[in-house]
Amino acid sequence: MSKVVIVDVGTGNLHSVHKALEHVAPAATVIVTSDPDTVASADHVVFPGQGAIGSWVQALDARGLRAALREAVANKPVLGICLGLQVLYDHSEEDGGTPGLGVLAGSVRSFATAEAGPTAGSMHDPLTGQLLKIPHMGWNQVIQMRAHPLWDGIPADSRFYFVHSYYAASDDRDEVAGETEYGIRFTSAAARDNIFAVQFHPEKSQHSGLRLLKNFVAWDGSSP
Amino acid sequence: MSLAKRIIPCLDVDNGRVVKGVRFVDIRDAGDPVEVARRYDEQGADEITFLDITASSDNRETMVHVVEQVAGEVFIPLTVGGGIRQLEDVHRMLHAGADKVAINTAAVANPEFVREAANHFGSQCIVVAIDAKQVDNGPAPRWEIFTHGGRKPTGLDAVAWAKQMTDFGAGELLLTSMDRDGTREGFDLALTRTICDGVTIPVIASGGVGNLDHLVDGIRDGHADAVLAASIFHFGEYTVQEAKQRMAQAGIEVRL
């Protein structure tokens, strides 16, 4: 029976992810852990994250989880959620510049910088003309950029729940599995080999989110 | 293609029971917050907010169990307000499965609490609830913050307070007009628009919704990012689905 391990770096609420995975995979064993050995023993690894990336990476190292995470992304199905997507990139602008794990090519940028930068003037709410609010919070559409087992049964342009102030800008188009528009068009889902990562919260995205989690637990890690 | 405006049903919970007369015809126990939350989820609610109106702090533990149960079967964002006074309260609710907490009185009593909570748990889970009342009816209206159900003035200017709470790290504001709350006359649109245009974070409009057009007004004219209502959904007059259809007809982007 499949063993699904949720990596706990101690910075967020993992209750919802845990419950949602149990809900979609009643036959699987779902464990929340900060023990590297338990992560190593998993069939599927989920790493959710929230809060600030700098303290998240520090907490990861304080718990000795970096090596376990590296090993997981090298050889088993891995799902990153929210900060768990952002940390896979080379670098983040957050917290004065934070190096990521460098698993995916690209960088993580602030919506606030985008608003003030070259795209200034385009970051407005189409209905009210207001500047777009930050954080990007609520249900937005995900454009599926390529076929993937984790999109199985999820209609094109389905809405998922987002809450974030930084977004991923991919350097490798092949790694972009989904895109979302909020003033700019950013990578809301990334995929490479046995890794899938999403900026939104599948555990809070009702039917579509639960389907994605179910697809993940059923996934053998092979990419199309 | 853009971010949907949100519809958020609110449940007032007293000692673990939904109050204010829920009248779903086909629900076994209309006082059970779990059943009511499940129903709103089925109707397409974008989030659900629980307001704990329990007077006694001894009974607050009950709310934790409610949140735990709901979070185990309803997979949309959950916000809990009422009695959030210290970091431990925030921690307990988040750990039980809440995604956000709404801080009201404690923010007025000690604004630094909002900063601490945002630093500790992240802005994404800190909602500051603002109860505002108009104090100047002249050509340039002003609103002030009131506590204790609108009875106690604080002297705080609502716009300045909304900006301060944004600066202190609130991720979202829940704005209630105490003049309109319970009247079913619609949102105070001038207040809503003034606050929504004055801050950089999302604002949920609340207080006064009596029909579906009021929800449309709150988004279109009030510039709110989300609208919250209690009684129009509780009494079974309208479903959340109907509210969304009305908003979609008005050209507002919603999750259908």
Side-chain angles (χ1 to χ4, degrees), chain A residues 11-20 22-24 49-52 55-56 82-83 111-112 115 124-143 157-165 179-183 185 201-210 213, chain B residues 1-6 8 41-42 44-47 67-68 70-78 91 93-100 118-125 127 166 171-173 193 196-197 199-204 219-226 250-256:
Chain A
T11 62
N13 154 35
L14 305 181
H15 183 90
S16 302
V17 182
H18 191 188
K19 287 288 172 192
E22 283 184 340
H23 188 82
V24 299
Q50 50 187 226
S55 45
W56 197 88
C82 195
L83 212 51
F111 280 118
E115 208 163 62
H124 288 83
D125 185 310
L127 186 72
T128 63
Q130 282 178 288
L131 269 186
L132 289 179
K133 300 296 183 71
I134 302 170
H136 171 223
M137 183 187 285
W139 298 81
N140 207 337
Q141 288 171 292
V142 174
I143 305 154
D157 304 337
S158 290
R159 289 185 185 274
F160 291 86
Y161 189 82
F162 288 82
V163 50
H164 61 124
S165 301
E179 287 189 332
T180 296
E181 282 178 17
Y182 192 63
R185 196 160 156 152
H201 290 269
E203 76 280 12
K204 287 290 156 182
S205 297
Q206 221 202 11
H207 304 307
S208 301
L210 294 176
L213 291 175
Chain B
M1 177 156 303
S2 64
L3 182 65
K5 302 296 180 183
R6 289 169 280 154
I8 307 174
D41 177 48
E42 285 165 8
D46 294 312
E47 301 185 16
V67 173
E68 269 172 4
V70 174
E73 51 181 303
V74 171
F75 299 102
I76 58 175
L78 307 174
H91 175 82
M93 285 305 175
L94 297 181
H95 195 73
D99 299 281
K100 314 181 215 180
N119 284 341
H120 203 272
F121 301 101
S123 291
Q124 82 286 342
C125 62
V127 182
T166 304
E172 190 173 39
L173 300 175
R193 191 168 53 244
C196 291
D197 290 355
V199 297
T200 55
I201 59 177
V203 178
I204 305 163
I219 301 284
R220 194 185 50 201
D221 305 325
H223 294 181
D225 301 282
I252 295 169
E253 188 115 11
V254 289
R255 177 180 70 109
L256 284 171

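Throughout, a chain's letter reflects where its sequence line sits, starting with A, and its residues are numbered from 1. Computed from a predicted structure; not experimentally measured.
When all heavy atoms of B:Pro202 and A:Met137 are compared, the pair lying nearest together is CG-CB, 4.2 Å. B:Gln124 and A:Val163 get closest at one heavy-atom pair: CB-CG2, 3.4 Å. When all heavy atoms of B:Gly97 and A:Ser16 are compared, the pair lying nearest together is O-OG, 3.7 Å. Closest heavy-atom contact between B:Ala71 and A:His15: CB-CD2, 4.0 Å.
Residue contact with chain A, scored on non-hydrogen atoms closer than 4.5 Å, involves the backbone and the side chain of B:Asp41 alike. Contacts of B:Cys196 with chain A are made by both backbone and side-chain atoms, with heavy-atom separations under 4.5 Å. Proximity to chain A is absent for every atom of B:Ala118, based on heavy atoms less than 4.5 angstrom apart. Contact of B:Asp225 with chain A is made through the side chain alone, with heavy-atom distances under 4.5 Å. For B:Ala96, the part lying under 4.5 angstrom from a heavy atom of chain A is the backbone only. Residue contact with chain B, scored on non-hydrogen atoms closer than 4.5 Å, involves the backbone and the side chain of A:Ala20 alike. For A:His136, the part lying under 4.5 angstrom from a heavy atom of chain B is the side chain only. Both the backbone and the side chain of B:Arg255 come within contact range of chain A, with heavy atoms under 4.5 Å apart.
Listed by chain and number, the residues in a side chain to side chain donor-acceptor pair (under 3.5 Å) with B:Asp99 are A:Lys204 (sequence neighbours excluded). When the side chain to side chain donor-acceptor pair (under 3.5 Å) test is applied to A:His201, the partners found at least two apart in sequence or on another chain are A:Glu203.
Two residues are said to be in side-chain contact when any heavy atoms from C-beta on lie closer than 4.5 Å; B:Phe75 and A:Lys19 meet this criterion. Between A:Tyr182 and B:Leu3, the closest side-chain pair of non-hydrogen atoms falls below 4.5 Å.
The main-chain N or O of B:Glu172 is never found under 3.5 Å from a side-chain atom of A:Lys133 such that the two would form a donor-acceptor pair.
Among the candidates B:Asp221, B:Leu94, B:Thr166, B:Val74, the residue making the largest number of heavy-atom pairs closer than 4.5 Å to chain A is B:Leu94. Interface check for chain A: of the options B:Asn119, B:Asp197, B:Leu78, the most heavy-atom pairs under 4.5 Å are formed by B:Asp197.
Between A:Phe111 atom CZ and B:Thr200 atom OG1 the span is 14.0 Å, to the nearest 0.5 Å.
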